[in-house]
Amino acid sequence: MKSILAAASVALGVLVVALSPEYGVGALLLCLMLGFVVVVCISQLKIEREFLLQLFIAGLLVRIFVGTLIFYFNLQTFFGGDAFSYDFLGDVLARVWYGELPYSIFKQSLGVFLTRNWGMIYVVGAIYALLGKNMLAVQFFSAILGAATAPIIFLCAQHIYGNLRVSRFSAYFIAFYPSIVLWSSQGLKDGPLVFLLALCMYSTLKLGEHLSFKHLALLAVALFGIFTMRFYIFYMMLAAIGGSYLIGIGKMSAKSLVRNFVVLIAVGLSMMYLGVLGSAGRQFEDYANLEAIQRSRSDLAIRGESGFGKDVDVSTTGGALSAIPLGMLYLLFAPFPWQLASLRQSITFPEMVVWWVSFPVLVMGLWFTLKYRMRQALPILIFTTMLTLSYSVFQGN
């Protein structure tokens, strides 16, 4: 397996440079530097190091291949047009840092990103400041984090279930599930965001076991990263962490209560130090109301051929509650066969069939978790429940 991965790495590197000599070298150098950091981190683990190293490299190679094809054939608009927004704003920011443009130009260009979801712009700006404008490098950065998510999910599963087979299957799905590969192969925030969510969950689980400055720092950094990329998910993650520690993860004792209290205080102080709580308060006032959600939902529902529920009104509590069943149905199972009206919808169909067939297994796993591993999985259960219900109300496309 090692020789196969080594040969595939060399061949893929040659392919990247051949297809994009202008951008490929810089993108590969960034990939090598960040990949080395991930490899060192995995090498410190006490369990399944060789498996996780091979899985990370294999997942990374798949993402680099997909990302290179998307870049070479200019498929960013088809798969994720937001990459061009990050590319433009990141380039402006890098030029501001180099003194080529005044900050006022960047501030004017930033628009709505000035107060929320600005994290990916700064990531792109940092990469461009280091390497020059290079969208392929941004894609490879996302690929690194996407591939590194698989080992973290392995560790989360192992922590909760203590079963290597379960942990391996979980890691395989994260490493190679088509949609996860696709979204983490582009210059979008989805790959980094999922990585940060997984890191948050892992640190939360470990802190529920014993107090550790390393995991406290990782948790604070991951929370801040989530806040800068998708602010409403930050609130849900914070609620999931707080609720888990208040209820208690694992066996309850006086020592665990003190530990949980210390973790909550430390997280609160770190968020205050980073200026998150003040900004979060302003964002909560501006966006955390049903009228704002209704405006966003209506806008999504009328876009393109995949909008649904155009007549749904979630501006009241009753309306929001009544929208949940239909919204959850679409969230979990759409697109349905009779809705395949475009190429982008049609290419998701094979994966959706796999998801539909897998859903009974999800229900069985959830039942087992609630019965035997509820306390251990509490942060994940709270977060996914909140996110599912929120998207059921908000989603219109």
Side-chain angles (χ1 to χ4, degrees), residues 12 15-16 19-31 34 59-97 101 105-106 109-114 116-149 177-197 225-226 228-231 233 299-300 303-304 306 342-345 347-348 351 397:
L12 188 56
L15 177 66
V16 170
L19 292 179
S20 181
E22 183 179 357
Y23 302 106
V25 174
L28 286 173
L29 285 174
L30 178 68
C31 194
L34 296 178
L60 178 59
L61 293 179
V62 171
R63 285 163 172 79
I64 289 176
F65 179 72
V66 173
T68 302
L69 293 182
I70 291 173
F71 180 82
Y72 181 74
F73 291 106
N74 297 312
L75 296 174
Q76 292 93 336
T77 301
F78 181 79
F79 286 117
D82 284 349
F84 288 113
S85 298
Y86 300 136
D87 174 67
F88 169 74
L89 293 170
D91 182 49
V92 172
L93 179 59
R95 292 168 69 185
V96 168
W97 286 340
L101 291 173
I105 296 294
F106 173 67
S109 303
L110 205 60
V112 296
F113 292 108
L114 188 63
R116 59 184 175 93
N117 299 341
W118 45 266
M120 190 62 186
I121 297 168
Y122 276 77
V123 168
V124 175
I127 293 172
Y128 286 3
L130 179 66
L131 300 174
K133 189 175 181 179
N134 188 337
M135 188 184 286
L136 186 62
V138 178
Q139 291 181 243
F140 285 6
F141 170 82
S142 183
I144 285 283
L145 296 186
T149 305
Y177 207 68
S179 60
I180 297 178
V181 169
L182 178 64
W183 287 109
S184 59
S185 301
Q186 302 180 70
L188 302 171
K189 62 186 175 186
D190 302 82
L193 183 63
V194 172
F195 170 80
L196 292 171
L197 290 173
I226 292 170
T228 67
M229 291 195 176
R230 195 159 285 172
F231 69 96
I233 290 184
D299 181 53
L300 289 171
R303 289 185 189 177
S306 57
S342 67
L343 178 60
R344 281 197 292 187
Q345 289 175 304
I347 61 177
T348 68
E351 184 177 289
N397 194 315

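Just so it is clear, the values below take in all heavy atoms, side chains as well, and ignore hydrogens, waters and symmetry mates.
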Drop me the distance from [X]'s [atom1] to [Y]'s [atom2], to the nearest 0.5 angstrom.
{"X": "Leu93", "Y": "Tyr86", "atom1": "CG", "atom2": "OH", "result": "14.0 Å"}
{"X": "Tyr23", "Y": "Met135", "atom1": "OH", "atom2": "CE", "result": "9.0 Å"}
{"X": "Asn74", "Y": "Leu69", "atom1": "CG", "atom2": "CG", "result": "12.0 Å"}
{"X": "Leu130", "Y": "Ile127", "atom1": "CG", "atom2": "CD1", "result": "8.5 Å"}
{"X": "Tyr122", "Y": "Trp97", "atom1": "OH", "atom2": "CH2", "result": "6.5 Å"}

Look only at the side chain of [X] and the backbone of [Y], and say whether a donor-acceptor pair between them is shorter than 3.5 Å.
{"X": "Arg95", "Y": "Asp91", "answer": "no"}
{"X": "Ser142", "Y": "Val138", "answer": "no"}
{"X": "Gln139", "Y": "Gly187", "answer": "no"}
{"X": "Ser20", "Y": "Val16", "answer": "no"}
{"X": "Gln186", "Y": "Ala83", "answer": "no"}
{"X": "Thr228", "Y": "Gly225", "answer": "yes"}

- Residue pairs, two or more places apart or on separate chains, that pass salt bridge (charged side-chain N to carboxylate O under 4.0 Å, His left out) and touch residues 67-77: none

- salt bridge (charged side-chain N to carboxylate O under 4.0 Å, His left out): which pairs involve residues 118-144, sequence neighbours left out? Asp87-Lys133

- Message: If you apply the rule side chain to side chain contact (heavy atoms under 4.5 Å, CB included), what do you find for Leu30 with Phe140, and how did you get there?
- Response: CA-CA 8 Å; Leu30 178 68; Phe140 285 6; 5.6 Å; no

- Output, in order, the C-alpha distance, side-chain angles, deciding distance and verdict of side chain to side chain contact (heavy atoms under 4.5 Å, CB included) for Met120 and Asp82. CA-CA 11 Å; Met120 190 62 186; Asp82 284 349; over 6 Å; no

So, do [X] and [Y] sit near enough that their side-chain heavy atoms are less than 4.5 Å apart?
{"X": "Val124", "Y": "Ile121", "value": "no"}
{"X": "Asn117", "Y": "Lys189", "value": "yes"}
{"X": "Leu182", "Y": "Ile70", "value": "yes"}
{"X": "Thr149", "Y": "Ser184", "value": "no"}
{"X": "Ile226", "Y": "Leu197", "value": "yes"}
{"X": "Ile347", "Y": "Phe78", "value": "yes"}
{"X": "Asp190", "Y": "Arg230", "value": "yes"}
{"X": "Phe79", "Y": "Leu188", "value": "no"}

Show the nearest heavy-atom pair for residues [X] and [Y], with the distance to one decimal.
{"X": "Phe195", "Y": "Leu145", "result": "CD1-O, 3.5 Å"}
{"X": "Gly59", "Y": "Ala147", "result": "C-CB, 3.9 Å"}
{"X": "Tyr128", "Y": "Ala94", "result": "CB-CB, 3.9 Å"}
{"X": "Cys31", "Y": "Ile144", "result": "O-CD1, 3.5 Å"}

- side chain to side chain contact (heavy atoms under 4.5 Å, CB included) between Phe65 and Leu15, intermediate numbers included: CA-CA 9 Å; Phe65 179 72; Leu15 177 66; 4.0 Å; yes

